[in-house]
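Letters go in sequence order (proteins before strands), and every chain restarts at 1. In this text, all values refer to a predicted model and were calculated from it rather than measured experimentally.
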Amino acid sequence: MKEILHEIIKSSLKKAMNSGILGLSEIPPFTLERPKEERFGDFSTNLALIIASQLSKKPSDVAGLIVSNLNGYSNIISKVEVAGPGFINFFMTRDFWLKGLSEVIKKADRYGSLNIGANEKIQVEFVSANPTGPLHVGHGRGAVVGDVLANILKKAGYDVCKEYYINDVGLQMETLGLSTFIRYRQLFGEEIEFPQNGYKGEYIKDIARDIIFKKGDHFLKMTEREALPFFIEFTAEVILNGIKKDLSEFGVYFDRWYSEKTLYERGMVDTIINWLKEKEFVYEKDGALWLKASAFGDEKDRVVKRGSGYYTYLASDIAYHKEKYERGFKRVIDIWGADHHGYVPRMRSAIKALGFDEKSFSVILIQLVNLKRGGQVISMSTRSGEFTELAEVVREVGRDAVRFFCMMRSSDSHLDFDLDLAKKQSSENPVYYVQYAHARICSILRQTAERGIKIPDIEEKKGLSINLTPLKLPEELSIIKRILMFPELIEKMALSLEPHLITHYLLSLCGEFHSYYNKHRVVSDDTDLTNARLILVKALGIVIKNSLDILGVMAPEEM
RNA sequence: GCGCCUGUAGCUCAGUUGGAUAGAGCAACGGACUUCUAAUCCGUAGGUCGUAGGUUCGAAUCCUAUCAGGCGCGCCA
């Protein structure tokens with residue numbers, strides 16, 4: 001919709017430029033917006049304000065010039081106004097909107113699909129929680145944001161790969177294996193002390209029990225050194241399987257699970273660090289190897305290889321990101337917990353050192369989640385044992401509610417997750433509010449079918465023969481306009497990487513529908529009106545369904 | 001001490017990347033089911049956009065300072 005008008009404005013601007021009344025050589029980038037108030041039109045542009053400052057002319061005069069070159073579109077534009085400091089406001093014809101509405105029906109589940117991604121390969125890496133314990137609610141938020149963002153990018157025409165990076169190597173893995181080993185021995189009655197930095201969760205004991213069940217006392221006579229490899233591998237695998245299970249129950253699936261260990265096994269970490277050394281982006285100091293991060297925007301240099309000879313996490317991460325680009329991704333998006341924000345400049349400087357465009361690398365930081373019950377915040381301390389597991393919350397309030405709630409706030413705001421609200425079956429609960437709208441629409445369509453009223457099928461009739469002109473109410477027009485905003489929303493979310501906007505869109509759309517539903521009947525004695533309204537409702541159902549699909553939330557047909 | 005995020009109605013938050021008179025939901029009060037689902041709707045109120053400067057035609061939005069909360073500042077991940 002917006003594109004059509006965008007082209008019109010550009011062509012009329014060209015006309016004005018060719019006729020010499022505007023001393024411009026190029027069309028500057030300008031925005032076309034949906035003003036928040038109806039009286040400012042359907043679309044508004046600040047074009048004149050932008051040009052005016054370049055030409056040192058009055059914005060309103062420039063606007064007038066542009067407008068005077070906007071002739072011959074009376075079937076699309078009903079009125080153009082210059083308002084305020086020099087905004088140009090466009091009022092579109094009803095035909096313009098009604099035509100758009102029939103497009104929605106024709107496109108159905110493809111409605112909202114765009115081509116702005118041009119099938120470009122893009123990778124979204126998210127969750128990537130260490131396999132040292134079950135996922136908690138904070139991970140869940142990151143999981144939804146990543147999953148939904150991936151869906152949006154797909155819808156926008158990108159070739160998206162969802163990836164989980166497994167930190168299955170290093171000191172923490174040793175600690176993990178040791179934790180299980182100690183528990184194992186304790187279960188046999190040995191009185192040994194549990195390490196201070198060990199993983200104290202109950203799940204470690206469960207895993208130790210499982211090992212006893214499968215292998216008996218086989219490891220009891222072994223030294224720590226002998227037994228550890230098995231305990232590490234076994235524990236990590238059990239935990240990772242648990243993570244995979246939790247995620248799949250949460251509706252989050254990955255295209256690829258990428259093991260850090262394989263980077264080492266393939267020698268990729270050595271290779272890249274050597275390459276950086278040759279480039280002199282890495283140097284030796286105090287027995288360690290340092291990345292010259294400060295030369296690439298970080299505040300200080302960072303260790304990539306410790307004096308002990310072990311690589312740091314950064315080293316394998318550099319190798320990993322290099323490998324991402326080598327696999328052909330034009331853009332790389334990492335979703336991290338906000339507690340890793342100090343790591344962003346470090347990684348960014350590494351990307352630059354590797355010679356990649358830093359604009360191709362984005363990090364989305366996910367802020368904290370506070371669980372609330374009975375108005376009280378449940379402590380979410382990361383101290384062992386005090387976090388709330390994702391699976392627990394999903395079990396309590398349901399997948400749909402968790403997913404929807406996690407998408408209601410921008411990623412960089414803290415999220416208060418009200419468990420009581422998420423379970424409520426009323427309009428206070430946003431997820432029910434939206435799902436109910438969908439169920440209502442399905443119910444209307446179902447019942448008209450039962451009564452033998454034929455739902456007009458636009459596709460059959462080759463599009464435009466269905467008469468939509470009975471849709472005259474301001475509410476109807478307003479709903480139609482919002483429906484037709486959907487592709488613009490997808491574009492905006494894909495470009496700004498702000499997937500949470502989709503819940504806001506759904507809530508306003510469904511609000512308008514509920515209100516309309518209570519005021520007007522879709523099915524009446526007036527056949528033409530009924531047909532037209534059925535189309536409207538059907539289109540609404542399509543947009544709600546498509547939006548919920550993106551969110552990974554069920555669109556129930558009855559409730 | 002340094003860095004990042006946040007600060008908007010009593011509460012939870014939007015605010016279209018610098019636009020026009022700052023918006024919703026909840027909580028409160030009053031109403032609406034002989035109706036396509038009342039899991040819904042309709043009506044009534046609330047503001048020094050943390051504070052102070054600055055940038056310009058124009059600032060909740062950008063810059064500086066400052067206050068408050070959160071997080072991070074390791075040869076941990």
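- B:C2 is paired with B:G72 under the Watson-Crick or G-U wobble criterion, all donor-acceptor distances under 3.5 Å.
- Glycosidic conformation of B:U6 is anti; the angle lies outside 90° of 0.
- For the C1' atoms, the distance from B:G58 to B:U6 is 26 Å, rounded to whole Å.
- Contact annotation: A:R346 side-chain N/O to B:C73 OP1/OP2 distance is not under 4.0 Å.
- An anti base is found at B:C57: its glycosidic angle is more than 90° from 0.
- Within the nucleic acid shown, A:A338 comes within 4.0 Å of sugar-phosphate atoms alone, with no base atom in reach, counting heavy atoms only.
- Rounded to whole Å, the P atom of B:C71 lies 16 Å from the corresponding atom of B:C13.
- A 4.5 Å side-chain heavy-atom check between A:F43 and A:R34 finds at least one atom pair inside the cut-off.
- Stacking of the aromatic ring of A:H340 onto the base of B:A77 is found: the ring centres lie under 5.5 Å apart and the planes are inclined by under 30°.
- One can find a donor-acceptor pair under 3.5 Å joining the base of B:A20 and the side-chain atoms of A:S44.
- Other residues, nucleotides and ligands contribute only 12 or fewer heavy atoms inside 6.0 Å of the CE atom of A:M554.
- The shortest distance between the side-chain N/O atoms of A:R306 and the OP1/OP2 oxygens of B:C76 is below 4.0 Å.
- A:N429 comes within 4.0 angstrom of no nucleic acid atom, judged by non-hydrogen atoms across all strands.
- With distances taken from any side-chain atom of A:E299 to the nucleotides B:A77, B:C2, B:C36, the minimum falls on B:C2.
- Contact check for A:L536 versus A:Y516: side-chain heavy atoms found under the 4.5 Å cut-off.
- Note on A:A437: nothing from the nucleic acid sits closer than 4.0 angstrom, heavy atoms only.
- Looking at heavy-atom distances under 4.0 Å, A:N89 makes contact with a base.
- As judged by a 4.0 angstrom heavy-atom cut-off over every strand, A:S413 is placed among residues touching the sugar-phosphate backbone only.
- Ring-base stacking between A:F40 and B:A20 is satisfied, the centre separation being under 5.5 Å and the plane angle under 30°.
- Classified by interplanar angle (parallel below 30°, tilted 30° to 60°, perpendicular above 60°), the ring pair A:Y165/A:Y258 is tilted.
- With hydrogens and angles ignored, the 3.5 Å screen pairs a side-chain donor or acceptor of A:W290 with a backbone N or O of A:K285.
- The partner of B:C41 is B:G31, by the rule that a Watson-Crick or G-U pair needs both atom distances under 3.5 Å.
- Distance check on atom P: B:C63 versus B:G18 gives 10 Å, rounded to whole Å.
- For A:A288, the side-chain atoms get nearest to B:C75 when compared with the rest of B:C75, B:G19, B:A14.
- When each of A:K481, A:K519, A:R482, A:R533 is checked for a salt bridge (Lys or Arg N to Asp or Glu O under 4.0 Å) with A:E475, only A:K519 meets the rule.
- When the side-chain nitrogen and oxygen atoms of A:Y433 are compared with OP1 and OP2 of B:C41, one or more of them lie within a distance under 4.0 Å.
- Contact of the A:S316 side chain with the A:Y311 side chain is not registered, since no non-hydrogen atoms from C-beta on lie closer than 4.5 Å.
- Comparing B:C49 with B:U8, their C1' atoms are spaced 4 Å from each other, to the whole Å.
- Against RNA chain B, the stretch residues 484-495 of chain A makes heavy-atom approaches under 4.0 Å through A:K492.
- Counting any heavy atom pair closer than 4.0 Å across all strands shown, A:H520 reaches a base atom.
- Using a 4.0 Å cut-off between charged nitrogen and carboxylate oxygen, A:K324 and A:E163 do not count as a salt-bridge pair.
- Residue A:S508 is out of contact with every strand shown, counting any heavy-atom pair closer than 4.0 Å.
- Look at the C1' atom in both B:A59 and B:G70: the space between them is 26 Å, to the nearest Å.
- A:L501 comes within 4.0 angstrom of sugar-phosphate atoms only, judged by non-hydrogen atoms across all strands, and of no base.
- Using a 30° and 60° split on the angle between ring planes, A:H504 and A:H500 fall in the perpendicular class, above 60°.
- Residue-nucleotide stacking is not present for A:F87 and B:G19, judged by a side-chain ring centre under 5.5 Å from the six-membered base ring centre and planes under 30° apart.
- Within the nucleic acid shown, A:H341 comes within 4.0 Å of at least one base atom, counting heavy atoms only.
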